[in-house]
Amino acid sequence: MKKIENLTELLNRYGCGPIAFSGTSDALFERRLVLDHVIDPKQSGPREQFEAFASAMRDVLAQRWLKTTQTYDAANPKQVYYLSMEFLIGRSLTSNVTNLGVAQALGEWEKAKGIKVAELVEEEPDAGLGNGGLGRLAACFIESLATLEMPAIGYGLRYDYGIFRQEIVNGYQVEQPDPWLNRPDPWEVARPNDEIPVPLGASFTVKGGEIAVHRGHATQLIGVPFDRPIVGFGGKTINTLRLWKATTAAAFDFGEFSSGDFFGAVSDKTLAESVTRVLYPDDSTQRGRSLRFLQEYFLVRCSLADIIARFRRRGNDWSMLPDKVAIQLNDTHPAMAVPELMRILLDEANLSWENAWDLSTRTLAYTNHTLLPEALEKWPVELFEALLPRHLEIIFEINRRFLNDVQLKHPEERVRLSQISLIEEGNERKVRMAHLAIVGSHSTNGVAEIHSKLLRTKTVPEFAELFPERFNNKTNGVTPRRWLLQANPNLAQLITETVGAGWETNMALLRKIDPLAKDAAFQARFLAAKRSAKTRFVDWIKKTADISLDPDTLFDVQIKRIHEYKRQLLNAIQVIICYNRLLETPSLDVPPRTVLFAGKAAPAYHLAKVIIKLITSIARVVNSNPMTRNKLRVAFLPNYSCTLAEYLIPAADVSEQISTAGFEASGTSNMKFMMNGAITLGTRDGANIEISEEVGEENAFMFGLTSDQVLNNRALYNPHWHYENEPETKAALDMIFGNYFSADEPGIFEPIRETLLTKGDYFMHLADLTEYVATQSKVAKLFQTQNAWAEKAIHNVARSGKFSSDRTIEQYAHEIWDVKPCPVLP
Ligand code: 26V
């Protein structure tokens, strides 16, 4: 595509010339400032300038966006619909500027106007509509879908409050609300004309995340869509992310119910809107949370109605459904799509059960993202009974037929029926959402090779035997546009200068830098790019969190949700051992190291919060000790977010991926680190295995038990043995238990003693500790020879191509969806 020189050319390219405010190159921007904000551009502040600039970008893309939709309506291709309770989008301005290809032109415009786009960008709040990996994956996927020119729509919820903002007060996590929509969001377009009614079998009231159901009073919510543009790289395809907001019908407020009950009507509206008020911030346990049940149904009901409306508008016959529609369920959160699609086909299309079931299963596909039993969703039958009686009826009928079939085909194995049933019996009967998703779809995939294998062999082996053809793997990926091109401008430029343009969508080209890994001149340029990413991050974190860091130290980074299985504790103990070694031998020959942590704990996950307090306490002690502070620093960076990751990952030297083997489904930050030339220090878990295969074991630091060893050694494992027989382990733990880091709050780390010793250390920290510490020493040693370090780091960048989400999406498209690109004509 020809490079755009100025905004006038840009306007012409996108056919926006006639709506320009004046003939000047910054017409759209000034027009927005004057017409939207009614302000003299010279008087405008950064927030107004951000809004004006973002709106101007939307003006630039609007016609192309419309054209994309029109192309799909006209071509009637098979289309993919990605249903997810989470889209962790982060900021959109830089991404849209990059993908529209206007970044170059901006440089000149900036100079001419004296405006710093880098500063405006900081005014945009993150759209933090997700908890972590699963939500960020959805965001990478829709970007890749647009880049690959695939006809696709993402469906999610428009939460008023995204993932909470994390403050650290006295070393403890404090949650603050995230009112990201307080100011107008320039990217969203409300579509009140496309609203969807959502009937419920009962009415409800809300208190503290729980609903009280009032049986017998059927009621109705309304879903209003808000669309966001998803710009593919190069700006050819602009797909839609459609987020639903819950409300009530206007008529409900003041029409038939306006029998003088004004306050009643207004509070009904508030009640309805509470369904999409807030994202559930707990990604570790499922527990009760009945309002979440309503959220999930609301997403499914609105999205399927919308999908079917499009399908019918295009003149398709019901029998064509699987030929025109592929619906991907991001975990079981939207698994009610199974009974909902059946309901539509049975009750609205009046098809036979057999016909409806065939069409429905061939349309739906399911992705599993976790093997942790406590995160597998199960909803009480009682909730269905009261709110969704028809769906429950359908689930029971699915189950009756399924169990019948199994019995007919495997008469000898009657005992297994209770295990595979969609209904868990017991005090409280529950619907097992994973079973529903597997039985009601044609594809079940895991997100890394090892995860898919464990899913098949350990988690749901009965289903894998019944439906072997349904099970498959789709190793995760991340978008190199956001995570390399935008996040790491200096490395991106070095890559472009070396391999030429085009790598952004063809990551195989990165292999061209592989032979340069040993080249001293290239190593120096690589290290210079790393150094500038470090200062960029250091400046940013100083400005935003007032934390001072030294860019001339090794950046050793663990950033992810705080979870026992991710083992931030293992890292923390290792830091203490390193500290003790320095105290013992102050002249120890190690490179100065900064250990960086960031991550949120679920508000109700007590132990995860204690782990944060431990890390901040260790940091306070270690950083203030003059004996060690030149060699070792520790920081817990508050409020981990997409934006923080975009600054920090390019600056990292070491990527900590140290989960207990068999527990991390894939991981995706590990891929982002690799692309940015950090070296993985990791266990043989999730996608770490595939990363070390791609880069070669010699270019990663792998350690610890394998998932088989974890499974087979659990019975024999005794953490006390390690505590008693490993002096450094004992010394480190005794400091934690003996209030070395908590002199002013004695006893606060008792829960850590309990989990590691009393309760048997389920995540086997102590089993891996010795090898982890030894591997950390190897890391330190290598870092002292910068060219040897650079060589390995460069191999990581060069061989990261597999982990582009473009590769992942192409596999979904070929192997699950059978969806092909549908280019938008110029
Ligand atoms: C689970 C739950 C349980 C109920 C309440 C709310 C809630 C919200 C989110 C989750 C999702 C947990 C699963 C998850 O995020 N899995 C991560 O998915 C990543 C993308 O596939 C993968 O890289 C990570 O390894 C995996 O932990």
Side-chain angles (χ1 to χ4, degrees), residues 82 84-88 128-141 156-157 159 162-164 209-210 278-296 299 328-335 366-379 430 433-434 437 445-452 454-455 459 473-479 559-567 599-600 602-605 645 657-673 682-683 685-691 707 803 805 808-809 812:
Y82 198 81
S84 178
M85 287 287 283
E86 307 193 3
F87 285 91
L88 220 179
L129 311 185
N131 274 285
L134 168 146
R136 183 54 233 176
L137 185 78
C140 283
F141 277 8
L157 295 183
Y159 304 106
I163 186 70
F164 63 84
E210 290 283 351
V278 56
L279 166 80
Y280 272 95
D282 191 339
D283 65 342
S284 49
T285 57
Q286 212 245 324
R287 282 173 308 113
R289 305 304 176 90
S290 42
L291 184 57
R292 164 97 182 176
F293 175 85
L294 268 190
Q295 289 186 333
E296 294 184 356
L299 169 67
Q328 191 67 33
L329 308 177
N330 199 22
D331 217 302
T332 56
H333 313 158
Y366 156 60
T367 305
N368 173 283
H369 293 269
T370 180
L371 303 178
L372 290 178
E374 63 272 28
L376 293 181
E377 290 191 297
K378 293 168 192 171
W379 290 114
K430 288 178 176 164
M433 302 307 278
N445 76 281
V447 290
E449 292 288 351
I450 183 181
H451 167 67
S452 297
L454 291 171
L455 181 65
T459 312
N473 173 250
K474 295 289 167 282
T475 298
N476 284 165
V478 303
T479 167
I559 47 175
K560 46 187 82 254
R561 288 298 287 252
I562 313 294
H563 258 284
E564 288 164 87
Y565 84 80
K566 294 177 189 278
R567 297 201 295 192
K600 292 173 181 176
Y605 192 165
Q657 309 296 341
I658 58 178
S659 52
T660 315
F663 284 87
E664 189 68 271
S666 163
T668 41
S669 77
N670 46 4
M671 303 169 181
K672 298 163 194 166
F673 280 109
T683 47
D685 198 15
N688 299 351
I689 297 175
E690 290 160 74
I691 286 175
S707 67
F803 304 104
S805 44
T808 314
I809 286 300
Y812 275 90

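Numbering of ligands and ligand atoms starts at 1, following listing order. Heavy atoms only: backbone and side chains are in, while hydrogens, waters and symmetry mates are out.
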> Which is closest to atom 26 (C) of ligand 1 in terms of heavy atoms, H369, M85, R289?
Replying inline: H369
>> As a check for students: among H333, E377, E664, identify the option with a heavy atom nearest to atom 10 (C) of ligand 1.
In response: H333
> Has the side chain of Y605 got a donor or acceptor atom that lies under 3.5 Å from a matching backbone atom of I562?
Replying inline: no
> Can you list the ligand 1 atoms lying under 4.0 Å from a non-hydrogen atom of G133?
Replying inline: 19 (C), 20 (C)
> For ligand 1, which atoms have a heavy atom of E86 less than 4.0 angstrom away?
Replying inline: 8 (C), 9 (C)
> Less than 4.5 Å apart, any side-chain heavy atom of F141 and any of Q328?
Replying inline: no
>> Before you tell me yes or no, could you show the steps for N330 and E86 under side chain to side chain donor-acceptor pair (under 3.5 Å), namely the whole-Å CA-CA distance, both residues' side-chain angles and the distance that decides it to 0.1 Å?
In response: CA-CA 9 Å; N330 199 22; E86 307 193 3; over 6 Å; no
Does at least one non-hydrogen atom of [X] fall below 4.0 angstrom from an atom of ligand 1?
X    : value
R292 : yes
H451 : no
G132 : no
Y565 : yes

> What pair of heavy atoms forms the shortest contact from L157 to L129, and how long is it?
Replying inline: O-CD1, 3.9 Å
